[in-house]
There are 2 protein chains.
Amino acid sequence: MMQLEQHILKFISLTDDELQSVLSYFTRIETKKKELLLQESQVCRYNYFVESGCLRMYFMDDKGVEKTVQFAIENWWLSDYFSFQKQSNSEFYIQAIEPSTILGLTFPNQEKLLTEHQKMERYFRMVHQTAHAASQVRAKYNKDFSREEQFRHFYDNFPEFVQRVPQYMLASYLGITPEYLSELRAKIVS
Amino acid sequence: MMQLEQHILKFISLTDDELQSVLSYFTRIETKKKELLLQESQVCRYNYFVESGCLRMYFMDDKGVEKTVQFAIENWWLSDYFSFQKQSNSEFYIQAIEPSTILGLTFPNQEKLLTEHQKMERYFRMVHQTAHAASQVRAKYNKDFSREEQFRHFYDNFPEFVQRVPQYMLASYLGITPEYLSELRAKIVS
DNA sequence: CGGTCTCTTGACGGAGTTCAAAGCTAGTGG
DNA sequence: CCACTAGCTTTGAACTCCGTCAAGAGACCG
């Protein structure tokens, strides 16, 4: 049984036939490490569901420094939803930071899927509502803790993830420089 | 024609009868200035739609300083979606910062509404997807610009809003102290 | 009016950045 | 399977943005 099926069934009930039909709208994509799925000034064609591996979304600031806004691991959805919804040019890059297996849903396919399977509106509503809730929690988080506390928290709660991604990506996600992250790491180990 | 009706009709089609039925699930609430709609450690009972006025969501840090995570003006939805969805205790306050007219939807009513009117799943999916997209844009924003640039941008693009809310709320939303905001404001005027 | 909120101003301090250089690590081709 | 290189991480010194504290000036309600 695949991951996406399980994820969908957490929120709504579908028959086997319905599930098979739903899955037919997706494209399975295998990526290499560091492969780019979206580049700046392209339209974000897909809404991605991660089966295995890890994606990140980032942009370049005016000095050419990459800044990570989001990671997505197994069972997470990721897309530039502004670009995806409006079919406008994106300001982001989406990159697989490990060899990954993902399922892609194009905008037209998503529309067709939702027309064909009304219940999937509820599924996607739940996915977005949950993401919206998570963004509120993160907003609190950012304002409540210093960068050092944020890193410490991350380090304590997701040690395997800290191992999994390069430091400089984590630093840019936490909004600090790699140099400062290195300093914090040294402080914690001691 | 009320604001919410118009907002719903931007995303889906409903007959007049359906619209009337949909609206019957909401409670209209009139607030005074500074009235609290949600307090820390309460369950966030309502999903709020702002007809007129302005709400903000904030929390208290451990020093007792209020930190604003979100504003909501006319035609915006606001709730602590984590607390609302799980019916768990909230860490936030929601406050009307002006006399406001809002429509409240309790969690049980939202569930009933969505069961009764399947099309509303699409509406709420769109609302949350749009909010999700906006949170991604804000994430970029926060990482891309210094606090000074963020304030300047805010000041240039939403001058009426800068007038409308007290400085200290705006400061806490931008993640700076009122003192520093005052300094920036002085810099800009000159 | 009077008192409490709100906004401003300035001196000082500290968290986090920048820049430069050296040390590591991992992927690549021979 | 080793050697080389490019990319990643660490270290340290100087600097800057922004917070803290304190004190005063407005502004808004009862």
Side-chain angles (χ1 to χ4, degrees), chain A residues 31-36 54 56 58 60-68 71 93 95-99 141-155 159 161-190, chain B residues 32-36 54 56 58 60-68 93 95-99 141-155 159 161-190:
Chain A
T31 74
K32 291 183 292 189
K33 193 170 177 172
K34 301 204 175 180
E35 189 170 329
L36 287 174
C54 185
R56 69 162 175 149
Y58 66 95
M60 292 283 191
D61 72 9
D62 47 15
K63 290 176 191 149
V65 179
E66 297 177 1
K67 304 207 168 171
T68 304
F71 291 106
Y93 297 77
Q95 181 188 39
I97 63 185
E98 298 172 356
Y141 214 76
N142 282 324
K143 289 185 201 296
D144 211 6
F145 299 117
S146 71
R147 301 295 158 82
E148 177 170 352
E149 286 168 328
Q150 285 182 48
F151 175 62
R152 189 157 234 129
H153 193 267
F154 216 94
Y155 192 85
F161 191 77
V162 174
Q163 305 295 21
R164 202 165 154 183
V165 309
Q167 305 273 317
Y168 74 94
M169 289 185 193
L170 188 53
S172 83
Y173 178 69
L174 294 172
I176 60 181
T177 57
E179 292 92 330
Y180 188 51
L181 180 57
S182 179
E183 198 179 320
L184 292 179
R185 165 180 283 262
K187 219 196 249 182
I188 285 181
V189 171
S190 64
Chain B
K32 291 183 292 190
K33 193 172 175 172
K34 300 205 177 179
E35 190 170 329
L36 287 173
C54 184
R56 69 161 176 150
Y58 66 95
M60 293 281 192
D61 72 9
D62 47 17
K63 289 176 192 150
V65 178
E66 297 177 1
K67 303 207 169 172
T68 304
Y93 297 78
Q95 182 188 41
I97 64 184
E98 299 173 356
Y141 214 76
N142 282 324
K143 289 185 202 295
D144 210 7
F145 299 117
S146 72
R147 301 293 159 83
E148 179 170 347
E149 288 169 326
Q150 285 181 50
F151 174 63
R152 189 158 233 127
H153 193 268
F154 216 93
Y155 192 85
F161 192 76
V162 174
Q163 304 296 23
R164 201 165 154 184
V165 308
Q167 306 274 317
Y168 73 93
M169 288 185 192
L170 189 53
S172 82
Y173 178 70
L174 293 172
I176 60 180
T177 58
E179 292 93 328
Y180 187 50
L181 180 57
S182 180
E183 197 179 321
L184 292 179
R185 164 181 282 264
K187 220 196 249 181
I188 285 180
V189 171
S190 64

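Residue numbering restarts at 1 for every chain, and letters A, B, ... go by the order of the sequence lines. In this text, all values refer to a predicted model and were calculated from it rather than measured experimentally.
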Sequence neighbours excluded, which residues qualify as side chain to side chain contact (heavy atoms under 4.5 Å, CB included) partners of F154(B)?
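With sequence neighbours excluded, F154(B) shows a side chain to side chain contact (heavy atoms under 4.5 Å, CB included) to F158(B), F161(B), V162(B), L170(B), Y173(B), L174(B), given in chain and number order.
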
Can you name the side chain to side chain contact (heavy atoms under 4.5 Å, CB included) partners of R152(A), sequence neighbours left out?
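Scan of R152(A) (side chain to side chain contact (heavy atoms under 4.5 Å, CB included), adjacent residues dropped) gives E148(A), D156(A), I188(A).
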
Expressed in angstrom and rounded to an integer, what is the separation of [X] atom [atom1] from [N] atom [atom2]?
X: Q95(A); N: dG7(D); atom1: CD; atom2: P; result: 13 Å
X: E66(A); N: dG7(D); atom1: CD; atom2: P; result: 12 Å
X: Q167(A); N: dG7(D); atom1: CD; atom2: P; result: 18 Å

Quick one: sort the F145(B) and Y141(B) rings into parallel, tilted or perpendicular, breaks at 30° and 60°.
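Ring orientation, 0 to 90° scale: perpendicular.
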
Parallel, tilted or perpendicular, judged at 30° and 60°: which one describes the rings of Y93(A) and Y58(A)?
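Correct class here is parallel.
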
Under a 4.0 Å heavy-atom cut-off, which of residues 173-183 of chain B touch DNA chain D?
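Contacting residues: G175(B), I176(B), T177(B), E179(B), Y180(B).
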
So how far off straight is the helix from dC1(C)-dG30(D) to dG30(C)-dC1(D), going by the axes through five pairs at either end, to 10°?
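Taking five pairs per end, the axes differ by 60°.
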
Side chain to side chain contact (heavy atoms under 4.5 Å, CB included) evaluation trace for T68(A) with V165(A):
CA-CA 12 Å; T68(A) 304; V165(A) 309; over 6 Å; no

Is there side-chain contact between [X] and [Y], with heavy atoms separated by less than 4.5 Å?
X: L184(B); Y: I176(B); answer: yes
X: P99(B); Y: K32(B); answer: no
X: E66(A); Y: S172(A); answer: no

Has K32(B) got a side-chain N or O lying under 4.0 Å from the OP1 or OP2 atom of dC29(D)?
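For K32(B), the contact criterion (side-chain N or O under 4.0 Å from OP1 or OP2 of dC29(D)) is not met.
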
Once salt bridge (Lys or Arg N to Asp or Glu O under 4.0 Å) is applied, do any residues pair with R147(A), and if so which ones, sequence neighbours excluded?
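Here no residue qualifies.
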
Please identify the 5'-most and 3'-most nucleotides of DNA chain C with any atom under 4.0 angstrom from a heavy atom of chain B.
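Counting from the 5' end, contacts occupy dT6(C) to dT9(C).
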
Would a distance-only check, ignoring hydrogens and angles, find a side-chain to backbone donor-acceptor pair under 3.5 Å from K143(A) to K67(B)?
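A pair under 3.5 Å: no.
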
If you measure from CZ on F151(A) to NZ on K187(A), what distance do you get to the nearest 0.5 Å?
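Here the rounded value is 11.0 Å.
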
Report the residue (Y168(A) or K33(B)) whose heavy-atom-nearest nucleotide on DNA chain D is the more 5′ of the two.
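Taking each residue's closest nucleotide, the earlier one in sequence belongs to Y168(A).
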
